[in-house]
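Comments concern the structure below.
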Amino acid sequence: MDKALEKFGNDIAIAFSGAEDVALIEYAKLTGRPFRVFSLDTGRLNPETYRFFDEVEKHYGIRIEYMFPDAVEVQALVRSKGLFSFYEDGHQECCRVRKVRPLRRALKGLRAWITGQRKDQSPGTRSEVPVVQVDPVFEGLDGGDGSLLKWNPVANVDGKDIWNFLRAMNVPVNSLHAQGFVSIGCEPCTRPVLPGQHEREGRWWWEDAKAKECGLHKGNLKEDGAAQVNGNDATTESDIFNSQSLVTLSRTGIENLAKLESRKESWIVVLYAPWCPFCQAMEASYVELAEKLAGSGVKVAKFRADGEQKEYSKNELQLGSFPTILFFPKHSAKPIKYASEKRDVDSLMAFVNALR
């Protein structure tokens with residue numbers, strides 16, 4: 001933080017979201033250097049968040065630079081699609097109007113910005129966030145590629161350590177945190193998380209885990225594989241999840257499994273694509289799960305759901321993104337989708353044990 005403020009002076013600002021980003025402001029204060037703070041007021045924030053903004057301004061004796069969406073753009077969106085269109089067709093359009101474009105205007109007046117991104121916030125999209133980077137999406141004061149630097153000073157800091165710091169410094173925090181909210185955004189798109197759930201699961205909970213970025217950090221998102229042929233994701237990647245403890249299901253096999261109203265054994269099945277980096281990343285934990293469950297009365301299986309099987313998987317098997325994990329209970333017809341982004345063996349085993 002000190003290096004960022006020293007290097008850029010008045011041409012850098014802290015992006016404050018109304019959550020634990022207050023840690024960034026506290027760090028900036030501790031440097032003794034002047035600093036700027038901006039925030040995006042989407043018009044859809046919780047009342048608690050607005051009160052928190054006021055508390056932060058008074059506590060630090062600062063004025064947050066608020067950026068607002070264009071009224072004409074918001075009016076056009078709401079008139080044409082209603083107030084809650086994002087529940088039906090995804091959050092990207094609303095976020096683009098209310099957040100991304102205001103942010104773009106703010107950053108055009110800067111040479112660098114400071115964010116509160118951490119690697120542990122989202123295994124799907126933020127696990128490789130560096131401390132300093134050339135912003136891959138936005139332009140700065142001078143315009144063009146490479147004109148804006150992005151500082152993520154807490155990229156390698158654990159969320160628990162952030163909270164220990166906030167408590168130790170006795171700084172204001174959003175009262176929503178005490179109500180089970182961890183990652184806080186707009187009111188319609190944020191909800192509390194349950195114990196054991198990942199913090200980003202409270203954001204845009206109706207969408208795929210890998211899409212949980214609003215566009216402010218779009219550079220974190222990666223495409224699902226290098227090769228796509230005629231939209232069918234056809235590649236020559238070698239297969240994954242190879243183990244004698246795993247059952248490989250054919251299309252007929254999974255159709256039969258899905259049709260059974262009463263099964264002799266419970267099943268856990270991963271819908272995957274060999275080229276998908278998120279599938280590859282969970283291979284070791286899923287194989288270990290299969291080995292631990294061998295002979296336990298729970299079958300562990302895989303079904304390749306890309307290519308020609310993708311439409312069927314989306315329509316019949318709840319496939320939203322790769323990997324999708326389903327549990328087929330012993331005495332129930334409907335499979336249960338694993339909703340967490342945590343794919344380590346302990347989390348998967350807890351899911352199985354809760355339902356077996």
>> Run Phe16 and Tyr66 through ring-ring contact (aromatic ring centres under 6.0 Å, His included) and show every step you take.
In response: CA-CA 10 Å; Phe16 179 54; Tyr66 295 104; 8.9 Å; no
Determine yes or no for a side-chain-to-main-chain donor-acceptor pair under 3.5 angstrom, with [X] supplying the side chain and [Y] the backbone.
X      : Y      : result
Asp21  : Leu24  : no
Thr190 : Glu187 : no
Arg101 : Arg98  : no

**Asked** Can you list every side-chain hydrogen bond (donor to acceptor under 3.5 Å, both in side chains) pair that touches residues 35-51, not counting sequence neighbours?
**Response**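 Those involving residues 35-51 are Arg36-Glu65, Asp41-Tyr50, Thr49-Asn174.
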Candidate list Lys108, Arg104, Arg105, test salt bridge (Lys or Arg N to Asp or Glu O under 4.0 Å), partner Glu139, passing option:
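Of the listed residues Lys108, Arg104, Arg105, the salt bridge (Lys or Arg N to Asp or Glu O under 4.0 Å) partner of Glu139 is Lys108.
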Residues Glu93 and Lys81 bridged, charged N to O under 4.0 Å =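 Salt bridge flag = yes for Lys81 with Glu93.
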Atom [atom1] in [X], atom [atom2] in [Y]: separation rounded to 0.5 Å?
X      : Y      : atom1 : atom2 : answer
Arg304 : Lys310 : CZ    : NZ    : 12.0 Å
Ser17  : Lys99  : OG    : NZ    : 8.0 Å
Leu45  : Leu40  : CG    : CG    : 9.0 Å
Glu288 : Glu291 : CD    : CD    : 7.0 Å
Ile162 : Asp120 : CD1   : CG    : 8.5 Å
Ile25  : Glu57  : CD1   : CD    : 9.0 Å

Check your understanding: Is it true that the side chains of Arg203 and Ser183 contain a donor and an acceptor less than 3.5 Å apart?
Key ->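 Yes, side-chain donor-acceptor contact under 3.5 Å.
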In terms of side-chain heavy atoms, does Arg251 have a donor or acceptor partner in Gln309 at a distance below 3.5 Å?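 Their side chains do contain a donor-acceptor pair, which is all the 3.5 Å distance test asks for.
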- Supply the members, apart from Ile268, of the Ile/Leu/Val/Met/Phe/Trp/Tyr cluster built from side-chain contacts under 4.5 Å; use none for a lone residue.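 Joined to Ile268, directly or through intermediates: Ile240, Phe241, Leu246, Val270, Tyr272, Met282, Tyr286, Val287, Leu289, Leu293, Val298, Val300, Ile325, Phe327, Ile336, Tyr338, Val345, Leu348, Met349, Phe351, Val352, Leu355.
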task = Starting from the C-alpha separation in whole Å, work towards a yes-or-no answer on salt bridge (Lys or Arg N to Asp or Glu O under 4.0 Å) for Arg111 and Asp142.
result = CA-CA 8 Å; Arg111 288 190 166 87; Asp142 298 327; 3.3 Å; yes
ask   = Is it the case that one hydrophobic cluster holds both Trp163 and Met169, taking links as side-chain heavy atoms less than 4.5 Å apart, direct or via other members?
value =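 Trp163 clusters together with Met169.
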message = Atom CD of residue position Gln179 - does it have more than 12 heavy atoms of other residues, nucleotides or ligands inside 6.0 Å?
response =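 Count over threshold, so yes.
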_Go through it in stages, so that I can follow the logic: the residues are Thr115 and Asn152, the test is side chain to side chain donor-acceptor pair (under 3.5 Å), and I'd like the CA-CA distance, side-chain angles, deciding distance and then a yes or no._
CA-CA 5 Å; Thr115 87; Asn152 310 301; 2.6 Å; yes
- prompt: Mind checking whether Phe35 and Tyr60 have ring centres under 6.0 Å apart?
  reply: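 No, ring centres 6.0 Å or more apart.
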Cation-pi geometry met for Arg191 and Phe181 (6.0 Å, 45°):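 No cation-pi geometry.
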Sort and list the pairs that fulfil ring pair (Phe, Tyr, Trp, His ring centres under 6.0 Å) and have at least one residue in residues 245-269, not counting sequence neighbours.
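For residues 245-269, and leaving out neighbouring residues, there are no ring pair (Phe, Tyr, Trp, His ring centres under 6.0 Å) pairs at all.
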Practice prompt. Start with the C-alpha gap between Arg167 and Asn170, add the side-chain angles, then the distance that decides, and say whether side chain to side chain donor-acceptor pair (under 3.5 Å) holds.
Written response: CA-CA 5 Å; Arg167 294 186 186 101; Asn170 193 30; over 6 Å; no
As a quick check of understanding, evaluate salt bridge (Lys or Arg N to Asp or Glu O under 4.0 Å) for Lys330 and Glu265, giving each step before the final call. CA-CA 5 Å; Lys330 188 175 180 181; Glu265 297 175 299; over 6 Å; no
Note to self: If you compare all heavy atoms of Arg118 against all heavy atoms of Val154, which two are closest, and at what distance to 0.1 Å?
What the structure shows: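 Of all heavy-atom pairs spanning Arg118 and Val154, the closest is CG-O, 3.3 Å.
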Quick one: closest heavy-atom pair of Ala155 and Pro130, and the distance?
->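 Closest approach of Ala155 to Pro130: CB-O, 3.9 Å.
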